[in-house]
Amino acid sequence: MNKVRTRFAPSPTGYVHVGNVRTALHSYLVARHGKGDFVLRIEDTDQKRFVDGAERVVLETLQWLGLDWDEGPELDGSEKGAYGPYHQTARKENYLKWAQVLIGKGLAYADPYTPEQVEQFRAEAKAAKKAFLYRDYRPENPPEWDGSRPLRFKVPELKRYEWDDAVMGHLSAGPEALDDFILIKSDGLPTYNFAHVVDDHEMKITHVIRGQEYIASMPKYLSLYDALEFERPVFACEAHIMAPDGNKKLGKRDGAKSVTEYRDAGYLPEAMLNFLASLGWNDGTEQEIFSKEELIEKFTLERVQKSGARFDEKRLVWMNGQWIKQLELDDLYERVHGFWGPAGQKASAAGQKAVLAVVQDRLKTLADLPSLTEYFFTEPKPNWQMVDSNKQLSKLPRTEHTKLLEQATHALEAADFNSEEALQSALNELLAETGQKPPVLFGLVRFALTWAQFSPGLPETMHLLGRERTLARLQVAIDKA
Ligand code: GLU
């Protein structure tokens, strides 16, 4: 058996769509699962679509997710690996070599036509109600190919192709998908169709994993594999990721953000990895939280579903919360750097850690940090509107609100603020005394102490605020009612 080698072959055309990253991740997992190599190749032959800096974003994305690659470009501009170069623009010689092989076999020809002539052929085909095909206009005596014209593949056999896809199963496509496509453009650079087949062969790639949009072109690739006498790798085409409503492909408007945007919005790479790996994959059990190591152990293409998985951002948020919960406090502390609010960021490390410990279980993304913590570091402004727009609390008159807060002050004055249990029992007594429902009473006290929509449990909050600040805030709330 050949050593497993997979690749991620992005084009540096802009941001890195989550769908591409899922493919990269699955390729990575196949490589690691098979104790093989994961190769990064930059497909930069489309100069028109080239975006400066895009490659760096790809590398940073992979690095952030922990998808370490064995071969390919590095962030410092160097390259590693024995099958380079890893930029297609640096591999012109390689493509030329195989182009010459095809020319030698009579399977490639210089395209002699001008754009005007092609336009005319198209018009003819249209008038005859036929699809325009280059293969119907093959020149009898093509000019020698000097690189100034496109080199076209002379599709050798118009036949039906059949192949096995590791995800989609047995597939076939008829000859209508085949035409004399361009191998090398007049700018001297190869087309994707040609370049990737050559590269995958030369780089000894064993598993070609990519999106389902490539299925339609498979006959083209297969005819090239045959003509060049290359062994076929395992092919795996993965279904599109679907928009949250499940009806269409995930597009930019549905939050098909780039992965770096998720990073900046406070998602952990572990959660992103977990979420992306399980878009359209599970291990056959109910397990949802997987570490990278578990994914490497359990991931196989056979269990990737054929139909498109829905991009459920709520699930990502949930997973992120799960991963945040699991972190050691010191680890979390390192990761929230840069996410504190204006008051929080000025606090001491000890103060920040104490607050972090209390809110950790409630953090869904690191970006929630300010809204969940600022009121510990600075006095919040009373905002009675929050009370008035609360379904339960709005049923009571303001006089009743202030009365409850006064009762709370009274009950807490005597409590031991060093003990969360003691605070909890003081609150329970208060509940009995006032005859209120917990959401009403505790909801009100929470607002008075934090003026925030979400906050940790009351005993933890009060314990952290301490007696003086707790009582002072209750008083300010009453005063501003
Ligand atoms: N450069 C192609 C893309 O970015 C790669 C497709 C493939 O994996 O073969 O979509």
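Remember, it's 1-based here, ligands and their atoms both numbered in the order they're listed.
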Given I182, L102, T45, the one that forms side chain to side chain contact (heavy atoms under 4.5 Å, CB included) with F194: L102
Heavy-atom donor-acceptor pair, D70 side chain to F38 backbone, under 3.5 Å: yes
Between R335 and E270, is the closest basic N to carboxylate O distance under 4.0 Å? yes
Would you check ligand 1 and list the protein residues that come within less than 4.0 Å of it by any heavy atom, ordered by chain and number? R7, A9, P10, S11, E43, Y192, R210, Y214
Return the set of residues passing side chain to side chain contact (heavy atoms under 4.5 Å, CB included) with V57 (not counting sequence neighbours), or none when no residue passes. V16, T61, T260
Closer than 4.0 angstrom, basic N to acidic O: yes or no for K97 and E202? yes
So Y109 and K154, side chain to side chain contact (heavy atoms under 4.5 Å, CB included) or not? Walk me through it. CA-CA 7 Å; Y109 61 90; K154 190 166 165 186; 4.0 Å; yes
